[in-house]
Participant: 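Encoded as structure tokens, here's the structure I'll be asking about.
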Amino acid sequence: MTVLVSAPPAPVDLPPLGVLLRHAVPRVLESMFLPVAVFYVALVFTGEIGAVAVTVAWVYAGVAWRLVRRREVPGTMILAAVMVTVRVALVVVTENPIFFFLQPCLGVFCASMSFLLTAPLRRPLAQRVAVDLVPLPDHVQKHPQMRRFFMWQSVLWGCAQLLNAGLSLWLLFTQTLETFLLVRTSAVAVLLGGTALVSVLSFRRCLRRLQVAPRG
């Protein structure tokens, strides 16, 4: 009689942490920090409406540059182009530059609610995001310890984004645009950078407990 013995699950071979960072950091800088820097510099020299126009031109020029060179346009850049179009439309309709920043703040609030509300579900939002970045086999994703990890990661990112949204809205309505840009950019970089570091370290520790050894 032939006895079939299932093979042990194959380990997950993760890229070195440096490789992941080199892949992610340029996209984060290009989609999040450079547009803010461009807006601030243009604000100093051209005023609020001019800064909005320059920022829009910057985002679309980045997309056009990649299309001309026949390079793939990152999804984050496409999303940034769509969002900046909506934000400019709000500024034109309301004739108030503050609406250029109100929509992203409300978007961050919605993202925080998405993380928190999906935390108890079978596939929390944090799991969907993590799997997009680091493909994990089904047997790893379904492990009870990994499921708890993703649940708490959804809570962590939900709270971080909720704090981000609250701080951003308070600065937007109580401070000048110059102060809003400087303080919010610095605070968000520290807040989300710290949250990302906690997530990466927790993820590696969770994998080690599952006897899945990441490289790097």
Participant: Excluding sequence neighbours, so at least two apart, what forms side chain to side chain contact (heavy atoms under 4.5 Å, CB included) with Arg122?
Facilitator: Arg147
Participant: Can you name the nearest heavy-atom pair linking Leu117 to Pro120, along with the distance?
Facilitator: O-CD, 3.5 Å
Participant: Say whether Val41 and Val183 are linked into one hydrophobic cluster, either directly or through other cluster members, by side-chain heavy-atom distances under 4.5 angstrom.
Facilitator: yes
Participant: When rounded to the nearest 0.5 angstrom, what is the spacing between OH in Tyr60 and OG1 in Thr55?
Facilitator: 13.0 Å
Participant: Counting neighbours of CZ on Phe109 that are heavy atoms of other residues, nucleotides or ligands and sit closer than 6.0 Å, is the number greater than 12?
Facilitator: no
Participant: Does any non-hydrogen side-chain atom of Leu191 lie less than 4.5 Å from one of Leu167?
Facilitator: no
Participant: Return the minimal non-hydrogen interatomic distance between Val155 and Ala119, and the atom names on each side.
Facilitator: CG2-CB, 3.9 Å
Participant: Of all heavy-atom pairs between Pro124 and Ser154, which one has the smallest distance, and what is that distance?
Facilitator: CB-OG, 3.1 Å
Participant: Apply side chain to side chain donor-acceptor pair (under 3.5 Å) to Ser114 and list each qualifying residue two or more places apart in sequence or on a separate chain.
Facilitator: none
Participant: Would a single hydrophobic cluster contain both Phe45 and Val54, if residues Ile, Leu, Val, Met, Phe, Trp and Tyr are joined by side-chain heavy-atom contacts under 4.5 Å?
Facilitator: yes
Participant: How long is the gap from CG on Leu171 to OG1 on Thr179, to the nearest 0.5 Å?
Facilitator: 8.5 Å
Participant: For Leu121, does its backbone N or O pair with a side-chain atom of Thr118 as donor and acceptor, under 3.5 Å?
Facilitator: no
Participant: Calculate, to the nearest 0.5 Å, the distance between atoms CD and CE belonging to Gln153 and Met146 respectively.
Facilitator: 10.0 Å
Participant: Can you hop from Leu172 to Leu182 via hydrophobic side chains spaced under 4.5 Å?
Facilitator: yes
Participant: How would you list, by chain and number, every residue that makes a side chain to side chain donor-acceptor pair (under 3.5 Å) with Ser202, sequence neighbours excluded?
Facilitator: none
Participant: Using links of under 4.5 Å between side-chain heavy atoms of ILVMFWY residues, direct or through other members, which residues join Val198 in one cluster?
Facilitator: Leu156
Participant: If you group Ile, Leu, Val, Met, Phe, Trp and Tyr by side-chain heavy-atom gaps below 4.5 Å, do Phe180 and Leu102 land in one group?
Facilitator: yes
Participant: Enter the distance from Cys206:SG to Phe150:CZ here, rounded to the nearest 0.5 Å.
Facilitator: 7.5 Å
Participant: Using the side-chain hydrogen bond (donor to acceptor under 3.5 Å, both in side chains) rule, collect all pairs that involve residues 160-172, keeping only residues at least two apart or in two chains.
Facilitator: Gln161-Asn164, Asn164-Ser168, Ser168-Arg184
Participant: Looking only at side chains, do Thr195 and Trp157 share a donor and an acceptor under 3.5 Å apart?
Facilitator: no
Participant: If hydrophobic clusters are built from ILVMFWY residues whose side chains come within less than 4.5 Å, do Phe115 and Leu163 share one?
Facilitator: yes
Participant: Residues sharing Val68's hydrophobic cluster, by side-chain heavy-atom contacts under 4.5 Å among ILVMFWY, directly or via others?
Facilitator: none
